[in-house]
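Computation of the quantities below employed the complete heavy-atom set of this structure, encompassing side-chain atoms and omitting hydrogens, waters and symmetry-equivalent molecules. Throughout, protein chains are lettered first and strands after them, A, B, ... in sequence-line order, and every chain is numbered starting at 1.
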Protein chains: 2
Amino acid sequence: MVEFSAVKVTRVSDSIISQIETMILEGSLKPGEQLPSERALAEQLSVSRPSLREALMILESKGLLQSKRGGGTFVCDIIGPTIVEPLVYLMKSHPETIFDVLELRQALEAVATQHAAERATKSDRERIKQRFDELMAVYEGGNKDVAIESEADTEFHLAIAEASHNVALVHVMRGLFNLLRVNILHNLKSIKEEGESHDFIRAQHTEILTAVMNGDSEMARDASNRHLIYVQKTMREHLQ
Amino acid sequence: MVEFSAVKVTRVSDSIISQIETMILEGSLKPGEQLPSERALAEQLSVSRPSLREALMILESKGLLQSKRGGGTFVCDIIGPTIVEPLVYLMKSHPETIFDVLELRQALEAVATQHAAERATKSDRERIKQRFDELMAVYEGGNKDVAIESEADTEFHLAIAEASHNVALVHVMRGLFNLLRVNILHNLKSIKEEGESHDFIRAQHTEILTAVMNGDSEMARDASNRHLIYVQKTMREHLQ
DNA sequence: GTCGTACAAATGGTCTTACCAATATACCAA
DNA sequence: TTGGTATATTGGTAAGACCATTTGTACGAC
């Protein structure tokens, strides 16, 4: 008796769902990002708008998307609330935990950078290089706005994290960066004003970039560690 | 100043959903029963068929209904637990992300164990030893309940994490454990049933304990890495 | 120049209609 | 009884139109 498996019946909406889920997981769709309009997206995917809507409705009911009438459809922040949110309140009441967060970031960043050196694709490297150039442009521009420099800094590190191809790592690091951004911006200000520190950090970033581009995972990890250790040290000094 | 609550924006499909959910829960719709055809039902409810379909699709995605092309739509016999956590849902439909979480756990666990070896106080060590003894008791008892063993395992690792005296690290690790618990419990079952794997894991736990108790941070980190690498390897083998 | 208003464009929400594909049922023939 | 066929029913997909809301912008008043 030959066994026949059930005929694979694939609903288009199911295909769309899994496709969007994958894009969210691998980072093509970042939290907070806006999706194309239903009409445009339906055309891109070569499906009808009702089918697309069925997929979007299900994803919304799962908590992955959120639609606003007249506004658009947005990707929800999935892992932030789950993993990192408790830390928000903790840091509010106990500022000294910032260094714990930084130590945590050091561990994550080290392994992310290491894996990025091992796994980065060509397009990953191009994106990283682009972020690096943007960061350098900010340095060169003599920018005085701490927020802009901090933003470029974050984007550089996140590009590396994404090249690690570990979705859990990327999501947690993204949450961590959000956490740090709102909490240490005022501290950064004093640090960044020092020309000397500026040069050090710039050199460390270059070192990280070189290691990742060359695929040298050990050097990447070590460079990342040196960078974060320096950041923690500098911040400790300035907080006294 | 009069307070105006937000205008209640009710999607038609949402109303239909809650209505059908209510009918199922209160018993008007019994498991296995067939719903009227989409056309008939749409007319009964005075809504369009697309709106009704959106509702039916969501109810199907929640596991309450099941539609068969050409057949009809039926109420499911068994109503499984509804996944509320978006991330958990994502990992269910994309199991390969479990390994990303495990890889992340490895990185965190390594640094946590290392710091625990460096910073653990006397009371920390006592608590770790206690958790370790409890875990061993579960092993000795020939316990067949995977949940209990998994619980003891988690408590042991968390006790070590707490000894790192990094609250951020502990919070994130706790979140990861929650994530893993709901996702890999059924996988663990097959793994834990092997006596051989059992012995290996037990030896690795002992190794970790020894390193932390002796304050040997390098050995602690390496032992932790070996443990997690083994867990990932074993789980990969069993998933094929 | 700045602020506020009004208009226009874009977007999600809903409905109508139509057609396709799979299934179930009734009926018929061997 | 068995097997096949025709037909009606049902879910799946598509296209188009219209409404409600939001957003952005340009214009005008101050």
Under-4.0 Å salt bridge between A:Glu140 and A:Arg202:
yes
Would a line drawn from the ring center of A:Phe156 to the ring center of A:His205 be shorter than 6.0 Å?
yes
Whole-Å gap separating P (D:dA14) and CG (A:Leu45):
11 Å
5' to 3', nucleotides 13-19 of chain C under a 4.0 Å protein heavy-atom cut-off (B base, S sugar-phosphate only, - none) gives BBBB-BB
CD of A:Gln66 versus P of C:dT11: gap in Å, rounded?
18 Å
I'd like to know whether B:Glu60 forms a side-chain hydrogen bond (donor to acceptor under 3.5 Å, both in side chains) with B:Gln66, so could you lay out the CA-CA distance, the side-chain angles of the two residues, the decisive distance to 0.1 Å, and finally the verdict.
CA-CA 6 Å; B:Glu60 187 177 352; B:Gln66 187 172 7; over 6 Å; no
Between B:Ser51 and B:Ser13, do the side chains contain a donor N or O and an acceptor N or O under 3.5 Å apart?
no
For A:Gln34 and for B:Gly71, find the nucleotide of DNA chain C with the closest heavy atom, then tell me which residue's nucleotide is more 5'.
A:Gln34
Please report the distance, rounded to the nearest Å, between CG in B:Leu56 and P in D:dG11.
8 Å
C:dA10 P sits how many Å from A:Leu35 CG, rounded?
19 Å
So, the side chain of A:Arg49 versus the backbone of A:Arg39: is there a donor-acceptor pair under 3.5 Å, distance only?
no
Show your working on salt bridge (charged side-chain N to carboxylate O under 4.0 Å, His left out) between A:Arg174 and A:Glu33 and close with a plain yes or no.
CA-CA 14 Å; A:Arg174 192 180 297 277; A:Glu33 191 170 342; over 6 Å; no
